[in-house]
Protein chains: 2
Amino acid sequence: MGGQLAYRLDRIPTPPLLQAKTSEEGDAGLGAAGSVLHVAQDREIYAEGAAASAFYKVVAGIVRTCKFLSDGRRQIDAFYRAGDLFGIEGDAQHSLSAEAVSDCTLIAYRRRCVDAARTGGAGVDQLFDHLLRRLAQTQDHALLLGRRSALEKVAAFLVDWADQSAGRKVVSLAMTRQDIADYLGLTIETVSRTLSQLERDGLIDMPTARQIRLADLQALRDLNA
Amino acid sequence: MGGQLAYRLDRIPTPPLLQAKTSEEGDAGLGAAGSVLHVAQDREIYAEGAAASAFYKVVAGIVRTCKFLSDGRRQIDAFYRAGDLFGIEGDAQHSLSAEAVSDCTLIAYRRRCVDAARTGGAGVDQLFDHLLRRLAQTQDHALLLGRRSALEKVAAFLVDWADQSAGRKVVSLAMTRQDIADYLGLTIETVSRTLSQLERDGLIDMPTARQIRLADLQALRDLNA
DNA sequence: CGTCTCTTTGACAGCATTCAACGTGTGTGG
DNA sequence: CCACACACGTTGAATGCTGTCAAAGAGACG
């Protein structure tokens, strides 16, 4: 567990640089104005511990939220896709950092929308739903991290990602093997080996490394009985 | 990962049997009446998937919430102590099961208190805080499960538990080694071995298996840099 | 004092990691 | 158009951490 240091520290992204555009637009759901911004691939959106002055909605692209240990080990908490909210905090500070997996378009909302909702304003219900769903997802993730084998983890990841991809059987992975590994609590090599094994066993096809066809979706699901 | 089946299935608790007393008492915080009930050690409070008709506050004793895989593998999500709330769900069903680690006294609140709060009623703020705190804790737990070694996990558990025990240096563990293992994503043997190693190294003393004195709290904290 | 559960310890096996080398794909410049 | 660099991904060999299987120790309780 020691040798990851130099290796992993290399991967820590550059400081935040939000190339915000000045456009403003309303948002029916939250009833609050938000400013659109673009973030380049691998750029940090906010750091763990940074002031939580805003939260975000993904318009396009993929976002990851993660935590780091002091020696560079990383745990990805979640990937966010178009339509997802992230960065809502109770504290004044963000408890995770957020980074762009691919080039992203986001809408930033002012934090006080959350505070307003908490005291009974509009959007309470929506925020509640979001928090409850995130909590349930994080609990499922903990079960996966604590009690599943590498094979089960990778299968679960593929099935989840496929479900979110409108049920299509070919999933396009926006993230690297390193991202997948840090999401599943594995190493990049184990992820790669496990995918190869799934392909040998006929459960998946990999036309390219980032394009995965789920040839036997049922078998993949069964791995997570 | 296979041989756990028969072994683990033995540990699944008996069906719910809430020996509710008929007393009623007001609760200043939530502004809602709750009924007091007692649950014996290892009894189930509610099952995963059961109707979430109520949520609970711990008056005395320790509660665990957990998830099971179909083969009996268990992941404990959290331990709750006097004053803690648990069982608040967005869905109609509980996403985790809850069990009494020790004999417990609880207050059950009607679920509609949550629904009322969601639509802007009293207690919104309190519920929000609870959810946000739980989410942050679960995210930390995921980092521990995914990226920490056995030694780091056990040290983190002891430090956490000590923090919650009013900072005293001698912690009384209400739970078994099996509970600790299922919380940390380890086996009972690894937990035991790791505790023995910490004792050999002088970081802790174990007068009894359930009484642990943190002899070198700083060193324990340093294990989780 | 025996029984039962919980815990500890030992020996061994196996899965995931580590370390290392080799492919593969893409973009750039000659 | 090809050569090269570079990042990303795959594969192999060996180590090691944690799990598995087994047995013995320690308390609690009747």
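To find a chain, count down the sequence lines: A is the first, B the second, and so on, and within it residues start at 1.
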For [X] and [N], give me the distance from atom [atom1] to atom [atom2], rounded to whole Å.
| X | N | atom1 | atom2 | result |
| --- | --- | --- | --- | --- |
| B:L186 | C:dT8 | CG | C1' | 16 Å |
| B:D179 | C:dC6 | CG | C1' | 12 Å |
| B:E152 | D:dC17 | CD | P | 12 Å |
| A:L184 | C:dT17 | CG | P | 10 Å |
| B:Q197 | C:dT9 | CD | C1' | 14 Å |
| B:R74 | D:dG19 | CZ | P | 15 Å |
| B:D182 | C:dT7 | CG | P | 12 Å |
| A:R147 | C:dC15 | CZ | C1' | 15 Å |

Handout entry: Partners passing side chain to side chain contact (heavy atoms under 4.5 Å, CB included) against B:D84 (at least two apart in sequence or in another chain)
Key =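 Scan of B:D84 (side chain to side chain contact (heavy atoms under 4.5 Å, CB included), adjacent residues dropped) gives B:Y80, B:R81.
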
Practice task
Would you please name every residue forming a side chain to side chain contact (heavy atoms under 4.5 Å, CB included) with A:E48, sequence neighbours left out?
Solution key: A:K67, A:S97

Exercise for the section: Any ring-ring contact (aromatic ring centres under 6.0 Å, His included) involving residues 181-204 of chain A? Give me the pairs, sequence neighbours left out, ordered by first then second residue. Expected result: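 Only A:F79-A:Y183, A:H141-A:Y183, A:F157-A:Y183 qualify under ring-ring contact (aromatic ring centres under 6.0 Å, His included).
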
Exercise for the section: Give every residue pair that meets the ring-ring contact (aromatic ring centres under 6.0 Å, His included) criterion with at least one member in residues 202-225 of chain B, sequence neighbours excluded. Expected result: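 For residues 202-225 of chain B, and leaving out neighbouring residues, there are no ring-ring contact (aromatic ring centres under 6.0 Å, His included) pairs at all.
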
Exercise for the section: Provide the full list of salt bridge (Lys or Arg N to Asp or Glu O under 4.0 Å) pairs with a residue in residues 208-225 of chain B, sequence neighbours left out, each pair given once. Expected result: B:D163-B:R221, B:D205-B:R213

Fill in the blank from the handout: Reading nucleotides 5-14 of chain D from 5' to 3' and marking B where a protein heavy atom lies under 4.0 Å of the base, S where only the sugar-phosphate is that close, and - otherwise, the string is ---SSBBBB-

Handout entry: Electrostatic pair A:D182:B:R147 at N-O distance under 4.0 angstrom
Key = yes

Problem - B:D42 and B:R64 ion-paired at < 4.0 Å - result: yes

Practice task
Return the set of residues passing salt bridge (charged side-chain N to carboxylate O under 4.0 Å, His left out) with B:R111 (not counting sequence neighbours), or none when no residue passes.
Solution key: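 Residues passing salt bridge (charged side-chain N to carboxylate O under 4.0 Å, His left out) with B:R111: B:D115.
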
Practice task
Kindly write out the residues that satisfy salt bridge (charged side-chain N to carboxylate O under 4.0 Å, His left out) with B:R134, not counting sequence neighbours, or none if the list is empty.
Solution key: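 In terms of salt bridge (charged side-chain N to carboxylate O under 4.0 Å, His left out), with neighbours along the sequence ignored, B:R134 is linked to B:D77.
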
Give every pair of a protein N or O atom and an N or O atom of nucleotides 23-25 of chain D that lie under 3.5 Å apart, one pair per line with the distance.
none

